[in-house]
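None of these values were measured; they are calculated from a predicted model. We name chains A, B, ... by the order of the sequence lines, and we start the count at 1 in each one.
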Protein chains: 2
Amino acid sequence: MPEQTAANRPTLEAVAARAGVSRATASRVVNGGAGVRQPLVDKVRAAVDELGYVPNHAARSLVTRRHGAVAVIIAEPEFRVFSDPFFAQQLRGISRELTSRDVQLVLLWVEDESDHGRIARYLAGGHVDGAIAFSLHGDDRLPTLITESKVPAVLGGRPGTETGPTLPYVDTDNRGGAREAVRHLVSLGRRSIAHIAGPGDQTSALDRIAGYHDVLIDPDPELLREGHFTEESGARAMAELLDRRPDVDGVFVANDLMALGALRVLRERGLRVPQDVAVVGFDDMEAVVRASDPALTTVRQDVEGLGRLSVKLLVKLLNRPAGHVPASVIMPTTLIRRASA
Amino acid sequence: MPEQTAANRPTLEAVAARAGVSRATASRVVNGGAGVRQPLVDKVRAAVDELGYVPNHAARSLVTRRHGAVAVIIAEPEFRVFSDPFFAQQLRGISRELTSRDVQLVLLWVEDESDHGRIARYLAGGHVDGAIAFSLHGDDRLPTLITESKVPAVLGGRPGTETGPTLPYVDTDNRGGAREAVRHLVSLGRRSIAHIAGPGDQTSALDRIAGYHDVLIDPDPELLREGHFTEESGARAMAELLDRRPDVDGVFVANDLMALGALRVLRERGLRVPQDVAVVGFDDMEAVVRASDPALTTVRQDVEGLGRLSVKLLVKLLNRPAGHVPASVIMPTTLIRRASA
DNA sequence: CGCCGTGTTGAAAGCGCTCTCATGTCACGA
DNA sequence: TCGTGACATGAGAGCGCTTTCAACACGGCG
């Protein structure tokens, strides 16, 4: 491969000349070689190798109107992205899946509403073939914005109370997973089963509450407490719970991190887990589960799989017969039984 | 702004026609309007607004050979990205700084050496104006790869034992910060000062060790223990330390997370901090520091600033007079005095 | 009054590629 | 032998933009 800088890259023209074919034929070979006879294919391939030819993406996009790139929009205030592996893991799933399709990932990090204009402009600018937005909160205007930009897009996580045309989404079966967790506690013979929920502006938290209510009809409101998905808020919720309902013998906690806090408080109060109080978490986050004592029984969700799935859904959307929007996808959960329940 | 899909976007031609000027003049206005008289500037601006014109990036790149995009290469095995806010924070700094310059961020996540080919191809493909790679380990071939791709690039963090042409980098003053930490312990009158270091394949860990040695000439090797930057490894190192050198009265721990583990062990052993053993961490990671008891004295590094700085350095590199490579940049640290030392 | 420099505008080339369409080739059947 | 259809190939248009260069207008100066 000859020495070359960004400036003097060989063009398809050069490849064609070297291979003794037309630019059109060279182009066909570079794009798969369909409809070109083998000897010519070989010649062109050889020329490509010898010259170190790499197609010019801008030129290609100009004519194909495709970009081989997808925007990933993270709308999340700083603290959550940092405290929660959830995002990194989902992003990794997306990254892997895009990579395997040879599609680039353009990261758009939205800090607040003041960024909306920029995002809208970028999407409308037609720089990407599609978009994946994840982590949306109840009142987020982002889905509307994205819809208006006309860029094919999917959401990671069920959107909130958006009206208007909705985008397809992927999500974990939060409600079903919660049901399974609570049913498990019931099957252990627990009578006073509490729920430490996540923040009410996130659909995942709401869905888990719904699952709790699916199984336990009309529970004492004191048994339902809200945390912020952090260890500390889980501890606080557990403490309050014990103060008001000392008879509690089972707790379904909306995520593992809060469950960790709950376990700590139970330990501090001298209560045995699972004998006195059985605890079930949600997520099956490796680092957290490993740190827990006793080992945490929890509802596993495949976060990386969620990321991958969002890409698959987007791809389906991009290849759809015009006007047909694919259905949203819900990923199943698995109850992982360990020592805590 | 008229209804439009990705397909029927107005072109510069349309804007020019509507404004009653040539395409060339319209282009000048769109790109700042230098050398065009005010009345025409206004007319073109109006036409742009009325038509909702957005320049076609591919067409522009094709002629300017610039892309308005930078690749950010994360080379890190899964577990660290997740356990350590360091990366998200640095990424956010980069994202913010690029956004403010209207440059897009293309994320390339490198899992292992098998991805190197793909990365090299992408960089050589000339899709981006520059690259920022961060989190490199001692034997990483990535810098070489990047250098060979001829794409202007900077590194986040001092690279390891690479030979050959090195890329400019940004890094925290790990050595200076470590010196400051150890000097502080000395100033407190501590006599047996230990160091719990990070893994030996990372330059940041090595530099902090060097800083420790700068202050303490020829310390007992037993006072130096290695961890993996995790809470647990910090605890283990502290336990070993106490077993072998029960006289230890000061510890400089290479990061806050390990310091947290060290504090836990000290507490478990009934030792008072700082009275019996003074502890200094490194990073000043908010979430960790908040969880520590007593409040952790630590060396603050501005991680987000590091990310921003890497962008600034790259910009300098891109605008350099040919052949002139800007110098690497080291960011200063600050000792934050709290209760633990 | 003519010339020249300065500043503004437009015509047109061309960035590197894809893709349509016309042309050519070849095997086969009539 | 010739026509025919299937397939392979090349010529060339054109994607939307920037940028050079020529043309032109205008004012000041000799």
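Taken to the nearest 0.5 Å, the CD1 atom of Ile146(B) stands 11.0 Å off from the CZ atom of Arg141(B).
When the C1' atom of dC15(C) is taken as reference, atom CG of Asn56(B) falls 13 Å away, rounded to whole Å. Per the geometry, CD belonging to Gln38(A) stands 11 Å off P belonging to dT9(D), to the nearest Å. Taking atom CZ of residue Arg9(B) and atom P of nucleotide dC15(D), one finds them 15 Å apart after rounding to whole Å. Rounded to whole angstrom, the span from the CG atom of Leu40(A) across to the C1' atom of dG24(C) amounts to 14 Å. Atom CG in Leu12(B) sits roughly 13 Å away from atom C1' in dT19(D) (whole-Å rounding). Across the protein-nucleic acid pair, Glu13(B) atom CD and dA12(C) atom C1' stand 12 Å apart, rounded to whole Å.
When the side-chain nitrogen and oxygen atoms of Arg60(A) are compared with OP1 and OP2 of dT18(C), one or more of them lie within a distance under 4.0 Å. At the phosphate of dT18(D), OP1 or OP2 sits under 4.0 Å from a side-chain N or O atom of Asn31(B). Considering only side-chain N and O atoms, Thr25(A) lies under 4.0 angstrom from the phosphate OP1 or OP2 of dG10(D). In terms of phosphate contacts, Arg65(A) brings a side-chain nitrogen or oxygen within less than 4.0 Å of OP1 or OP2 of dG16(D).
The pair Arg92(B)-Glu304(B) fails the salt-bridge criterion, with no side-chain N (NZ, NE, NH1 or NH2) lying under 4.0 Å from an Asp/Glu carboxylate O.
For Ala24(B), taking side-chain heavy atoms from C-beta onward, the closest of the listed nucleotides dC15(D), dA12(C), dT9(C) is dA12(C). If you check dT9(D), dT18(C), dG16(D) against the side chain of Val36(A), the one that comes closest is dT9(D). Here the nucleotide nearest the side chain of Leu62(A), chosen from dT18(C), dA13(C), dG16(D), is dG16(D). Candidate nucleotides dG16(C), dA13(C), dA11(D) were compared by shortest atom distance to the side chain of Ser22(A), and dA11(D) ranks first. Set against dA8(D), dT20(C), dA13(D), the side chain of Arg28(A) has dT20(C) as its closest nucleotide. The listed nucleotides are dC17(D), dC15(C), dG10(D); the one nearest the side chain of Tyr53(B) is dC17(D). Of all nucleotides listed (dA8(D), dC15(D), dT19(D)), dA8(D) comes nearest to the side chain of Arg37(A).
Inter-residue side-chain proximity for Val329(B) and Tyr169(B) is flagged as unmet; no heavy-atom pair is nearer than 4.5 Å.
Comparing Ala59(A) and Arg23(B) by the nucleotide of DNA chain C that holds the closest heavy atom to each, the one mapping nearer the 5' end is Arg23(B).
Judged by distance alone, the side chain of Asp129(A) and the main-chain N or O of Val70(A) form no donor-acceptor pair under 3.5 Å.
As judged by a 4.0 angstrom heavy-atom cut-off over every strand, Ser27(B) is placed among the base-contacting residues. Residue Val30(B) is classed as having no contact, given no heavy-atom separation below 4.0 Å to the nucleic acid.
Among Leu314(A), Val315(A), Leu105(A), the single residue meeting the side-chain contact (heavy atoms from CB on, under 4.5 Å) criterion with Leu98(A) is Leu105(A).
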